[in-house]
Amino acid sequence: MSPTAPPRAPGAALSVRSITKRYGGTPAVDDVSLEVAAGEFVTLLGASGSGKTTLLRIIAGFDDADGGSLLLDGRELRSVPVHKRDIGMVFQNYALFPHLSVEQNVAYPLRMRRLSRAERQRRVAEALEAVRLPTFGRRRITQLSGGQQQRVALARAIVSRPRLLLMDEPLGALDRNLRDALQLEISRLSRELGLTVINVTHDQEEALTMSDRIALLDHGRLVQFATPDELYHRPADDTAAAFVGESNLFRGAVRGDGTLELAEGIVFSPPTLVDGSPVGDAAVAVMVRPSLVDIAEPGRAPEAHSRVDGVVRGVVYAGDSRKVIVVTRSGAELISREDAARPTRVAVDQHVTLHWDPRASVVTRVSPDSHSHAESTAS
Ligand code: ADP
Ligand code: MG
């Protein structure tokens, strides 16, 4: 980029097309495709080992894929060497040079560019300003807290005005409060600068807080690529439903008359549940968020509600809410989450009926590799 380039270079669009990477025959990334818009903040979310880092490293150019293509603003990327990809990176473990000052660390990516000393200083100052460390230039890295070090790493990643910013668990080493603050900072900064960001995390809250869209990965497979809202309310399958937020999940089948037949003796009424439900599919999963599940004395649930009977196994307080864990006859654990300020009177070992408005049920697909019958997933 020339020194006369506009100071707010907008991010590039990234196309990931059928990218596959195998290690010893097992796919770490399995035919993943993503169209990321310029200026978009996308998070790769998934459990450990789901292929997030592998995909990010392929985008960065540290590794090459076995197949598929990568395009940056429509230009083929796989044959471009790392240092020419115009990409900024932030890792979990800062990767700063401890013997250099903050300024020298931030200036490092500019060393290969033909910039005047004044321009270089201006850019470093700008980057430090952006991460809200304007007066820290002369400090040594060892004199900074973890959060400050990660801000320096971020300043270093943006100082060369990359077209794409890649972050791999950038906040993973920080404590909760600092992480929350930096999540907001990074979102603000990336939007102000118009950066295209691919962020990696296993923390669903972080993904939901920061992202325009989330790419949920499971065993290298892309489960869903959607906005946080869609992912939460319209999970593509039971894997997505189980991973994002807390959920009660049932497996069942659609009968000829269109009603759902589920285990656990659950009565669903009215029979046609949710718009867009995949009626006609043989096997389905039904998800109900615990916060939409109420507790009644046995048999006392409203007539029109879906219901399941069980025994209270435990009551767990978590700040403003508490969860009541109920075990059904077949041994499935279901959850009702309620406002801790307005708790239902229940005791362990008490027989209850869990019930909910049928409209709270989300019917979705059964993923290829799911097994269980009915379960709740806590996050
Ligand atoms: P994540 O970042 O989501 O935790 P990774 O991308 O690091 O997952 O790993 C995905 C899978 O690929 C894992 O099963 C991991 O063991 C495997 N893997 C990653 N890198 C290598 C490698 N260099 N050699 C062999 N297997 C690898
Ligand atoms: Mg990783």
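These numbers come from the heavy atoms of this one structure, side chains and all, not from hydrogens, waters or symmetry mates. Counting begins at 1 with the first residue of the sequence. For ligands, and for the atoms within them, numbers begin at 1 and follow the listed sequence.
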Open item on the list: If the test is salt bridge (Lys or Arg N to Asp or Glu O under 4.0 Å), which one of D64, D63, D66 qualifies with R78?
Closed with: D64

- [ ] To the nearest 0.5 Å, tell me how far K52 NZ sits from E169 CD.
- [x] 5.5 Å

Open item on the list: With nothing but distance in play, are any N or O atoms of A28 less than 3.5 Å from an N or O of ligand 1?
Closed with: no

Nearest protein heavy-atom contact for [atom]: which residue, which atom, what distance?
{"atom": "atom 7 (O) of ligand 1", "result": "T53 CB, 3.7 Å"}
{"atom": "atom 3 (O) of ligand 1", "result": "K52 NZ, 2.8 Å"}
{"atom": "atom 20 (N) of ligand 1", "result": "Y23 CE1, 3.4 Å"}
{"atom": "atom 10 (C) of ligand 1", "result": "G49 O, 3.4 Å"}

- [ ] Apply the side-chain contact (heavy atoms from CB on, under 4.5 Å) test between P235 and each candidate in V244, L216, V362; give the one that qualifies.
- [x] V362

Task: Passing candidate, side-chain contact (heavy atoms from CB on, under 4.5 Å) with L44, options N199, I214, L34 - done: L34

Open item on the list: Is it the case that the side chain of R322 and the backbone of D339 share a donor-acceptor pair, with hydrogens and angles ignored and the cut-off at 3.5 Å?
Closed with: no

Open item on the list: Using only atom types and a distance under 3.5 Å, with no angle test, would you say the side chain of R156 pairs donor to acceptor with the backbone of V90?
Closed with: no

- [ ] For the residue pair V102 and L144, establish whether any side-chain heavy-atom pair is separated by less than 4.5 Å.
- [x] yes

- [ ] For the residue pair D238 and M287, establish whether any side-chain heavy-atom pair is separated by less than 4.5 Å.
- [x] no

Open item on the list: Can you confirm if the NZ or CZ of R151 lies within 45° of the ring axis of F136 and under 6.0 Å from the centre of its six-membered ring?
Closed with: no

Open item on the list: Is the terminal nitrogen or CZ of R213 (NZ for Lys, CZ for Arg) located under 6.0 angstrom from the six-membered ring centre of F41 and within 45° of that ring's axis?
Closed with: no

Atoms of ligand 1 close to [X] [distance to a heavy atom under 4.0 angstrom, numbered from 1]:
{"X": "T54", "result": "5 (P), 6 (O), 9 (O), 10 (C), 19 (C)"}
{"X": "S50", "result": "1 (P), 3 (O), 8 (O)"}
{"X": "A47", "result": "3 (O)"}

Open item on the list: Quick check on atom 16 (O) of ligand 1 - does any protein heavy atom sit closer than 4.0 Å to it?
Closed with: no

Open item on the list: Tell me how many protein N, O or S atoms are within a distance shorter than 2.8 Å of the Mg ion (ligand 2).
Closed with: 1

Task: Heavy atom of G46, distance to ligand 1 below 4.0 Å - done: no

Open item on the list: Show, in sequence, the C-alpha distance, side-chain angles and deciding distance for E103 and R138, and conclude whether the salt bridge (charged side-chain N to carboxylate O under 4.0 Å, His left out) test is met.
Closed with: CA-CA 6 Å; E103 246 165 22; R138 297 288 158 83; 3.2 Å; yes

